[in-house]
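Reviewing the structure listed below.
Naming: A, B, ... by sequence-line order, numbering from 1 per chain. Being a predicted model, the structure only gives us computed values, none of them experimental.
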Amino acid sequence: MMYQDIKERIDYKTALIALALVMIGIISIYSATYDARAAEIFHKQVVWVGIGLLALAAIAVVPFRLLQLASYPAYFVSILLLVSVLILGKTVSGSMSWFNLGSVRLQPSEFAKITTVLALATYLSRSDVSLRKMRDLAIAAGIVLLPVTLIMMQPDTGTALIFFGMFFPVLFWGGASRFTLVAIVAPVATAVAALFGTTPFLTAVLVFGVLIYLTREDWIFAAAVFSLTVLIGVSVQFIYEGLKHYQQKRIATFLDPNADPLGAGYNILQSKVAIGSGGFFGKGFLRGTQTQLNFIPEQWTDFIFCVPGEEFGFLGAATVLLLFMAFLIRGVTLGSIVKNRYGGFVAIGLTAIFATHIFLNIGMSIGLLPVIGIPLPFVSYGGSALLSAMSMVGILMNLYANRKEY
Amino acid sequence: MAQQDDIAVFGKRRTMYAAIGLMFLFFFARLFQLQMIYSDEYGRKSEENSIRTIPKEPVRGYIFDRNGTLVVDNRPAFSVTIMPFEFDKHTIDYLSRLLSLDPEFIRDRLKKGEAYSRFAPVKIKRDIDFRTLAALEENRDRLPGVECQVESKRWYTTRALASHTLGYTKEISESQMKVQVDEYAPGDVVGSSGLEARYEPTLRGQKGAEFSMVNVRGQVIGRFDDGKNDVPAVEGNDLILTMDFGLQAFAESLMTGRRGAFVAIDPTDGGILAMVSKPDYDLSTFSGVTPPDIWRSLNEDEAAPLFNRATLTRYPPGSTFKMLLAVAALETGSVTPSWRVNCGGSFRMGNKVFRDLHVHGSVDLVTAIQQSCNVYFYQAMMKTGLDAWSHYGDEFGFGRLTGIDMYEENPGLLPSTAYMDKRYGKSGWTRGFLPSLGIGQGELGVTPLQMACYAAALATKGEYRQPHIARAIVTKSPRAVDTLTFQTRHIEVSQNTWNVVREGMRRVVEERGGTGGMARIPGIQSAGKTGTAQNTHGPDHAWYVGFAPYDNPRIAVAMLIENAGFGGTQAAPLAGLCIERYLKGRITRYDAPPAPHRPIAFPQALPPLHAVLQR
């Protein structure tokens, strides 16, 4: 292979953006654990970065065809892992989602996110599959719902949400009809609206009723979807009652974080205080009082965004946002320039996973969304999450390298 | 196999770009809102979180008497505070047992403190003993947010109580808090009566603050910014009084078991030498904590020990008021010094008879004062009239505040034509009121302080000096002595009048037949007047006003013993002893035989300030 050829095949933009975010993550974790006698966390993360880079490089150079061939078996393996974690898994913070491999703990659901994208892409890229066909749509949904169901049983609502966030853009990319898209969003959005009360619920029913009417292709389907939407919205109240107390509290706090600033709303409030008090220039590295004095519990995991927000201010936080935005734009662009149909679905699916993570995590940190335990890709502490994010970047780079293959 | 045709792909790509852009637009807008618009507010919140302000109580100013004797000192005391933010409410019961407090009291305090600030310590008990302190320190780990603070409490060093004059300090009340929101926090000590209240801003000093960094568990992990922002507490300023605590203690001991008041003034400058109100109470029960039962018993005692009789009670002055009428009568020409009245023991006006204690026979003004002849003054009052009398009464400071440096003061009551018209209607009163007023009875009220000022004005021939207790303030930063100034008002009365009236007063004490012989002081000529005031509360009040030495007065006094009977036997001897104690520094009365010609060194009018400060 010629030198020029190698240069052609490496996606520098994706790689550099990801590396920059990893660096910001390491710096932030260093700061968040600086005074907390948790330096161990920092060292572990550095090791994980090394492992992640190795995985990235390995996956990036795997022959493209092999990746495609491994999709279904990998999906099958991840389903097996999810089943076994339900049986053997160790309970961490209220849910069973971890495997103990010696001193290293792995989350099969992280792995399942990737394999589900690969399996879905493999299925949808088949020439005889069309998302306009009811049967094919149902199979595609099944591929996603199987791991989602298993993950919900752990229960890990946050990760399950990621699958939904991934599925929708993939359907859009795969040419699903507008009605299909509306039909998927309508029940979920209505259910969320119902949590806010009757007026938002009725508004959602009205809006989606109109959308369903406008995009309808079949009256019977339209009626069914609309009924389902209403039914789900109504039953949300009952589901809400059945939720675990901490989940209810999270929802209640989301609706009004100030109502319980010392209890359920504490994290959100302290997070907002951290970011807000950073101002434009920030308080300086290792000088953020919220961060250094541990006002945000376990800040190095889900609330890591507060660290650049507090210590580097608007400049730091905006830099992180811009990097993520560039990363997502790059992912979508990659999806559109890959000649291979399978590759396009994979790129869009993985990008959508990143986007959902970013949306939920930063939305939570800046007080726009409820506290859902979703890490910030590349930045948050956590071996499994970092490894899966780096693997995803490896896949994206693989796709780029082979973008011209059909 | 290719993706769908390029046009469709690029269309979808655009939609996705837009979706990503929209998401980040929201994020940026929110960041802008948090970090640019509300950053100050969040900055404050983060400081509240992590910077703990520990108030540093200033040391209250000291109080010295005229001779430089330290009268009010401070002693360290330990107070228990709880930080609402860190406090574990489950420990309330345990804490209440440890401190022997009602758990409800702690809860209540905590609630009020939280309403003020969650990050300000709430004082729940002041002045704990060492055993409690030790128990608290031992159980520190079990009681998060409970701290012991070193404070100072008042410590009274002399034998004298001077309760009403010095006044007490106590924890600020809720109603006081409402007035003084900025300066005080709940649990702060505030001067609440007497000089402590009047000079509160001077004595109090300024609170300081120490800023510490704390972590999420409230543990102090270091000084904030190396203590550069700490504000040291500024010690309160000292007060130097005009009082003589030797005399004060002596007067208090003389009056033990009696109800009444005693005020001694230095007539040369208006400085109060002693001020006693009996019954009194021990100020040290108010320093530190005041047990509620003691507070209640003091408040509910029918003898009203908390009440300053010297400045707040209106008493009828009785015969001690006769000099006022004498001055008014002479000045208006209503009587002359040689005008005589034949006293037959009573005075008839219409169908009303005003009595006298004795039949005095033919008396002139000097003799009438000397023997306290009522009939003479009934007639003099009829000749002088209400207007002239109340004009001179006003000149002598009756019916109005003396302007003493104390908040507790009553103006008393001095009737005038305007007052009578208002009270009874223009035709609702007659001259029949007058004879009683002439002998200091009737609708008339004076405070012992006013009477002492009146005696001082008679002593100085009309220099009415604003009475005051504090003489100077010693400021700490910068260190300086700030001498207080007070007003002097000249009462326009002729020398001859003064001479006649003062001669009468001298004879009261010094000559045979005078009513105040028991106030006589060996070796010192003094002047005075007794009074026996009828009142509605029982037996007569015994009065004595006077000054000494006669030619060069250094002390003017008013002594009142409630319901004791004759002024000449009940008040005069005590007043005489007090005057002697002040002028001689000791009592020589029973020394036998007294050295006849030994000159007595009178105390200086007021020791120079530098001499006081050196002590």
Greater than 12 external heavy atoms within 6.0 Å of [X]'s [atom1]:
{"X": "B/F26", "atom1": "CZ", "result": "no"}
{"X": "B/R14", "atom1": "CZ", "result": "no"}
{"X": "B/K89", "atom1": "NZ", "result": "no"}
{"X": "B/Q206", "atom1": "CD", "result": "no"}
{"X": "B/K207", "atom1": "NZ", "result": "yes"}

Is there a side-chain contact between B/M23 and A/L328, using heavy atoms and a 4.5 Å cut-off?
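B/M23 vs A/L328: side chains touch.
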Any side-chain heavy atom of B/M16 within less than 4.5 Å of one from A/F172?
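Yes, their side chains come closer than 4.5 Å.
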Output the option from B/Y17, B/F24, B/F32, B/Y38 having the highest count of non-hydrogen pairs under 4.5 Å with chain A.
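Most heavy-atom pairs under 4.5 Å with chain A: B/F24.
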Which one wins on heavy-atom pair count under 4.5 Å against chain A: B/D40, B/T15, B/I37?
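Top option by heavy-atom pairs under 4.5 Å: B/T15.
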Quick check for you: to the nearest 0.5 Å, what is the distance between B/L25 atom CG and A/M325 atom CE?
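Atom-to-atom, B/L25:CG and A/M325:CE are 9.0 Å apart.
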Mind checking the CG-CZ spacing from A/L334 to B/R13? Nearest 0.5 Å is all I need.
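Here the rounded value is 10.5 Å.
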Just do the side chain to side chain contact (heavy atoms under 4.5 Å, CB included) check on B/R30 and A/I362 with the steps written out, would you?
CA-CA 10 Å; B/R30 177 64 164 179; A/I362 293 182; over 6 Å; no
Side chain from CB out, backbone as N, CA, C, O: work out which of these in [X] comes under 4.5 Å of a heavy atom of chain B, or both, or neither.
{"X": "A/T333", "result": "both"}
{"X": "A/I348", "result": "side chain"}
{"X": "A/F327", "result": "neither"}

B/L34 vs A/F314, test: side chain to side chain contact (heavy atoms under 4.5 Å, CB included). Steps then yes/no.
CA-CA 9 Å; B/L34 289 179; A/F314 184 76; over 6 Å; no
Heavy-atom pairs under 4.5 Å with chain B: which of A/G278, A/A274, A/A318, A/A352 has the most?
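Counting heavy-atom pairs under 4.5 Å, the top option is A/A318.
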For a quick test of reading the model, state the closest non-hydrogen atom pair linking [X] to [Y] and the distance between them.
{"X": "A/S336", "Y": "B/F10", "value": "OG-CE2, 4.2 Å"}
{"X": "A/G279", "Y": "B/S39", "value": "CA-CB, 3.8 Å"}
{"X": "A/S277", "Y": "B/G43", "value": "CB-CA, 3.5 Å"}
{"X": "A/F305", "Y": "B/L31", "value": "CE2-CD2, 4.3 Å"}

Dump the intermediate steps for side chain to side chain contact (heavy atoms under 4.5 Å, CB included) on A/F359 and B/F27, then the final yes or no.
CA-CA 9 Å; A/F359 176 72; B/F27 285 173; 4.0 Å; yes
Let's go through A/F280 and B/Q35 carefully: what are the C-alpha distance in whole Å and the side-chain angles of both, what is the deciding distance for side chain to side chain contact (heavy atoms under 4.5 Å, CB included) to 0.1 Å, and is it a yes or a no?
CA-CA 6 Å; A/F280 187 76; B/Q35 299 192 300; over 6 Å; no
